[in-house]
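Notes follow once the structure below has been shown.
Worth knowing before you read on, the calculation uses all heavy atoms, side chains too, and leaves out hydrogens, waters and symmetry mates. On a predicted model such as this, the values are computed, not experimentally measured, just so you know. Chain A is the first sequence line, chain B the second, and so forth, proteins listed ahead of strands; every chain is numbered from 1.
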Number of protein chains: 2
Amino acid sequence: MCVPERNVCHGRHSRIGPRDGPGPCAGIPAEQMAFVRQVLDRVGDKWSLLVIAVLEGGPLRYTDLQRQAPGISQRMLTLTLRRLRQDGLITRTAYAEVPPRVEYALTPLGRGLHEIAASLVRWAFDHHEEIREHRAHATAQ
Amino acid sequence: MCVPERNVCHGRHSRIGPRDGPGPCAGIPAEQMAFVRQVLDRVGDKWSLLVIAVLEGGPLRYTDLQRQAPGISQRMLTLTLRRLRQDGLITRTAYAEVPPRVEYALTPLGRGLHEIAASLVRWAFDHHEEIREHRAHATAQ
DNA sequence: CTGTATCCACCAGGATACTG
DNA sequence: CAGTATCCTGGTGGATACAG
């Protein structure tokens with residue numbers, strides 16, 4: 001939202017930044033927009049919230065995560081875990097065993113994000129009928 | 001999050017659904033996941049939240065929106081407005097005048113989403129330092 | 001078991017030109 | 001003024017094969 005300083009977007013294309021100046025945007029300092037974008041990009045991507053939601057139940061191993069997040073590919077699981085770890089939302093603990101065992105767990109920060117996400121989920125649930133009605137009533141396309 | 005019933009994703013590819021069954025996912029009934037996905041897709045896309053944020057200040061005309069959301073293309077403004085309208089988050093009022101005048105305004109539903117988004121923004125702001133630190137400390141890639 | 005590497009399909013979204 | 005139509009880019013993310 002608000003002036004993607006440099007188009008972070010979801011990472012989709014984004015070659016040039018906006019040609020205009022900052023642009024205040026409804027009371028939100030453009031300064032913060034980069035961070036907000038980043039958080040949104042994390043929340044908005046396909047698997048992060050799912051992984052966080054799944055980890056809410058306690059630490060899990062790679063394979064268990066794969067099982068609990070049906071449909072995720074190995075590639076995306078790895079990428080998602082890496083990004084979440086880089087953001088400090090989850091921790092990775094590797095045990096030097098044979099066979100190798102790695103456990104992922106939520107950090108307090110990650111739990112915080114999950115709470116916000118949960119409120120979003122709650123809102124979505126509270127209003128989904130309303131939204132569906134509108135969508136259904138929207139005639140074409 | 002949680003079992004994209006049919007891969008809605010951000011609309012990106014998504015040809016097949018997950019081959020597995022429902023998959024409960026941390027207490028969130030798979031039933032609701034479709035709606036949550038939809039809301040997330042709206043929140044997560046590039047311009048919706050910005051438009052909503054801008055409209056928080058009161059009804060605006062097409063051109064004004066374009067000005068207040070620096071960097072948005074006509075195409076994306078139109079698409080975003082259409083989607084928001086279809087979801088019942090904003091209203092469109094056309095006045096039969098010359099030259100034509102069209103005003104977009106938030107609905108109560110839209111304001112509700114904006115509040116949730118605002119809390120997300122607040123969280124992002126409260127923790128951006130923490131996140132940045134983690135990102136900086138993340139050695140490679 | 002826990003990943004990494006490669007290939008590629010697909011679609012969001014920018015640029016541009018045109019219309020009522 | 002308020003859009004629509006068309007073309008194009010490039011990043012996301014699935015599939016698959018391979019590695020420590």
### Query
Counting side-chain heavy atoms from C-beta on, which of D:dC1, C:dT2, C:dG13 comes nearest to B:D45?
C:dG13

### Query
How bent is the helix from C:dC1-D:dG20 to C:dG20-D:dC1, comparing axes over its five end pairs at each side, to the nearest 10°?
40°

Short N/O separations, protein against nucleotides 3-7 of chain D, under 3.5 angstrom:
unit_1	atom_1	unit_2	atom_2	d
D:dG3	OP1	B:R92	NH1	2.2
D:dG3	OP2	B:Y104	OH	2.7
D:dG3	N7	B:Q74	OE1	3.4
D:dG3	N7	B:Q74	NE2	3.2
D:dG3	O6	B:Q74	OE1	3.0
D:dT4	O4	B:Q74	OE1	3.3

### Query
Atom CH2 of A:W47 and atom CG of A:L79: how far apart are they, to the nearest 0.5 Å?
13.0 Å

### Task
Specify the closest pair of heavy atoms between B:E56 and B:L106, including all atoms of both residues, with the distance to one decimal.
OE1-CD1, 3.1 Å

### Atom CZ of B:R85: over 12 foreign heavy atoms under 6.0 Å
yes

### Task
Can you see which heavy atom on B:R42 is nearest to which on B:S48, and at what distance?
O-CB, 3.2 Å

### Task
Supply the atom-to-atom distance A:L55 CG to A:L81 CG, rounded to the nearest 0.5 angstrom.
7.5 Å

### Query
With a non-hydrogen cut-off below 4.0 angstrom, is A:R83 in contact with a base, only sugar-phosphate, or nothing?
sugar-phosphate

### Query
Heavy-atom distance under 4.5 Å between the side chains of B:V39 and A:V121, does that happen here?
no

### Query
When you match A:L79 and B:M76 each to their closest nucleotide on DNA chain C, which lands nearer the 5' end?
A:L79

### Message
If you compare every side-chain N and O of A:T63 against the phosphate oxygens of C:dC1 (OP1, OP2), does one of them come in below 4.0 Å?
### Response
yes

### Query
Around A:E129, counting heavy atoms of other residues, nucleotides and ligands shown, do more than 12 lie under 6.0 Å from its CD?
no

